[in-house]
Structures are given as structure tokens and as C-alpha cells.
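All figures in this text were calculated on a predicted structure; none of them were measured in a lab.
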Amino acid sequence: MAVDEDTAPTGLKTHRYLRLSLVFIVFTMLLSVVIQTIVTSWEPFTLGWTPLPSISHYFYTPARTVFVGALIAASLALLTLSGRDRATTLLDISALFAPLIAIVPTGLANQRVGPFECPDNVECVPVEFQADMRLGIAVYAVVVVALVITMAVIRRRTRTPNPSARLVSIIALITAAAVAALAFAPALNAYFPFNFWPVHSIHFVVTLLFFGVFAAVPILYAGGPLDPGETPPTPRQRSIYRWIAGLLIVDLLLLVAALAFRQVFGETPVVLFGEAVALILFAAFWWVQTFQRWDDPNPPSIIARGADGG
């Protein structure tokens, strides 16, 4: 039975609109790219009608503020939706990588974006952003450690052991330690942020990890409900989840191919297309699932694991 908006508990309302906010975060990011492309096509005529090679390259335009803010907001929303089933564990892991996509920008190579460029046709992050990037990495590492300790203390005091939370904490600490070492260790940081062997670009690695981990979520939901208390997906919704998962996997393979054979694709903005498709599929999942679970009385992010015997 549908739960009226006026009588819905606060927790249910929060759950509804956190999910829906992820759709509008994607809309905001894509809108900033479209507007920035149109504006720069007219004045100062820097880009003509040609878009940048990827959405990530819009970090070097006035769209940067929206780009960074949207990724941080997405990470916070995903972590807030944390719960007790396998899917929300995967969402927690995805949330760990979203801030790094914003903190560590993609490199510029053989091109100029606005006033920024790299010397000698070598891929780099322009010197204007080096200090910001390293500060962001330092803050990220410290916040991850503080968050892991805080949540461990809370679980201990409330006596709610959670193996999934421990797994996420371990991955978070490993990720923070790895990026901090690549950014600050004298033996490793000479080519930062292009010192992640064998993929080279840290930005590209965390982007693939974010969408790759998330791709498993619609696969899980395509098989049916994951929690006894949730509204099961309809056959149509399960079919949509399967399509989203399949298309997202194909799209990620396209992005990998675009990186590996960038010379073949030339000026074609394959990565821009691939990133836009990934974001649209991400938003489509949240749109469908928001209404699938609109009236769930006890979403996994509301009831503690110990409360239902889990």
C-alpha cells in the first residue's frame, strides 16, 4: 500500500530523496558540460563547436566547480544510503572512489584547454593545480582514517558487528594509503598522478573502479530482491536492471579501448561519449529503483543490522 507523502516517516522520506538526488546530481554535471560547451563556442571562441575529449577535461573550465561538487555530493549520498545488504556494500565501495575522480584530474596532452597546457606534448596536470591536488589527497587520506576509526568506535559501543563495514574500511584504508604514497613518497611521486602502473593515470583508474563496482549493483537487483523487507522489482524493472548492467559493462570496455587505442580514435570524443553514457546509466538505475522502493517501510539504510537479526 502506498505511503502518503504527508504521513511518511522522516526516515522513509530521507531514503526516497537521497536516491532521487543521485539522478539530479548526474543531471547537474551533464548540464554544466552542455552549457560550458555552448558558452565557449560563442565567447571567447576557444573551442569552436568541438567538445572537449572527455567530461573529465571540463575540470579545466568554469564547469570545474559543478564537476567537483557533484562528485563529492554523490559520494556522500552513496555513503548515507549505506545498509546491510550486498548492494549497499558495493555502493559504499563506489563512494570511496568518487572524491578521487574530483581530486585527481585527468591529464592534458597535445592540447590546450583555456589558459592551461602541458609543455613538450607530455601528459600532465598543469602546475596551477598541483598544490590543490596534493592538498586534496592529504585531506582525503586523513578523513578516511578518521571516518574508519569513528565508525569502528560506534559499532563497538552499539555492539553491532558488521563484516561488510569491516571490508569497506579495509578497502578505504588501502585506497587512502596507496594514493597518499603515490602522491608523497619520494620514491614514487616523481610522475604523480601518472605513476599508477600499469594503467598510468590515477584519474582513469578510480573512474573505472567507481563505475565497475557500481555495475555489479544492477546485476544483483536484476535477480530479484536482496532483502526480505524490500519491494521486489517488477519483471519490467528487472529487465531494465539487466540492460543497465550490460550496457554499463560494454561502455566500460569501450572506455578502456579508447585509452589503449587513443591514437586510432584521433579527435573523436569517444571518452566524452563513454563517460556521458556511464553517467546516464547510473542515473537511470537510481530513477527506476527510487520508485521501485518508494514505499519500502524499512530500507536497508534505516534499520540497523542487529535489529532484524542479521
Side-chain angles (χ1 to χ4, degrees), residues 9-22 25 68-104 135-184 202 205-206 209-217 220-221 226-230 282 286 289 293 296-310:
T10 301
L12 179 56
K13 288 183 179 180
T14 300
H15 195 264
R16 288 173 174 175
Y17 296 119
L18 270 175
R19 290 176 177 274
L20 201 56
S21 71
L22 286 160
I25 286 171
V68 172
L71 286 166
I72 300 299
S75 177
L76 181 60
L78 291 170
L79 285 172
T80 307
L81 286 168
S82 174
R84 61 186 184 273
D85 58 34
R86 291 170 292 168
T88 48
T89 299
L90 291 170
L91 295 177
D92 285 347
I93 296 172
S94 289
L96 298 174
F97 302 117
L100 291 174
I101 300 174
I103 292 170
V104 184
L135 174 62
I137 291 294
V139 171
Y140 175 86
V142 173
V143 169
V144 164
V145 173
L147 185 60
V148 167
I149 292 174
T150 300
M151 296 311 298
V153 170
I154 290 173
R155 288 194 300 272
R156 183 176 181 86
R157 290 181 65 86
T158 57
R159 297 178 181 175
T160 52
N162 188 334
S164 296
R166 286 196 292 270
L167 173 63
V168 174
S169 295
I170 291 170
I171 294 174
L173 291 172
I174 292 173
T175 301
V179 294
L182 291 170
F184 298 109
I202 293 174
V205 170
V206 292
L209 287 172
F210 174 81
F211 284 112
V213 174
F214 172 76
V217 177
L220 290 175
Y221 279 107
L226 301 180
D227 188 86
E230 77 178 59
F282 178 85
W286 289 111
Q289 201 193 54
R293 308 189 64 178
D296 277 9
N298 298 313
S301 61
I302 294 178
I303 289 189
R305 179 180 292 269
D308 62 353

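Closest non-hydrogen pair, V144 versus A172, comes out as CG1-O, 3.5 Å. Contact between L96 and Y140 at its shortest, heavy atoms only, is O-OH, 2.7 Å. Among all heavy-atom pairs drawn from I25 and A70, the shortest one is CG2-O, 3.4 Å. Scanning both residues, A77 and L22, for their nearest heavy atoms gives CB-CD2, 3.9 Å. Nearest heavy-atom pair across L78 and A95 is CB-CB, 3.7 Å. Listed here is the closest heavy atom pair of A183 and I137: CB-CG2, 3.9 Å.
Checking side-chain atoms of S169 against main-chain N and O of A165 turns up a donor-acceptor pair under 3.5 Å. A donor-acceptor pair is defined here as one N or O able to donate and one able to accept, closer than 3.5 Å; such a pair exists between the side chain of S21 and the backbone of L18.
Separation of atoms OG1 (T14) and CZ (R16) is listed at 10.5 Å; rounding is to 0.5 Å. Between atom CD1 of residue I170 and atom CD1 of residue I93 there is a gap of 10.5 Å, rounded to the nearest 0.5 Å. Rounding to the nearest 0.5 angstrom, the gap separating the CD1 atom in I202 from the CG atom in L209 is 11.5 Å. Considering CZ of F97 and CZ of F214, their distance stands at 15.0 Å, rounded to 0.5 Å. Note: L76 CG to I72 CD1 = 9.0 Å, rounded to the nearest 0.5 Å. The distance from atom CD1 of I101 to atom CG of L71, rounded to the nearest 0.5 Å, is 5.5 Å.
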Exercise for the section: Start with the C-alpha distance between V104 and V206, add both sets of side-chain angles, then the distance that settles side-chain contact (heavy atoms from CB on, under 4.5 Å), and finish with yes or no. Expected result: CA-CA 9 Å; V104 184; V206 292; 5.8 Å; no
Problem - Candidate pair I103 and V139, rule side-chain contact (heavy atoms from CB on, under 4.5 Å), full reasoning - result: CA-CA 10 Å; I103 292 170; V139 171; over 6 Å; no
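Judged as a side chain to side chain donor-acceptor pair (under 3.5 Å), and not counting sequence neighbours, T150 has no contacts. By the ring pair (Phe, Tyr, Trp, His ring centres under 6.0 Å) test, F210 is found to be paired with F282, residues two or more places apart in sequence or in another chain being considered. For the side-chain contact (heavy atoms from CB on, under 4.5 Å) test, residues two or more places apart in sequence or in another chain that qualify with L147 are M151.
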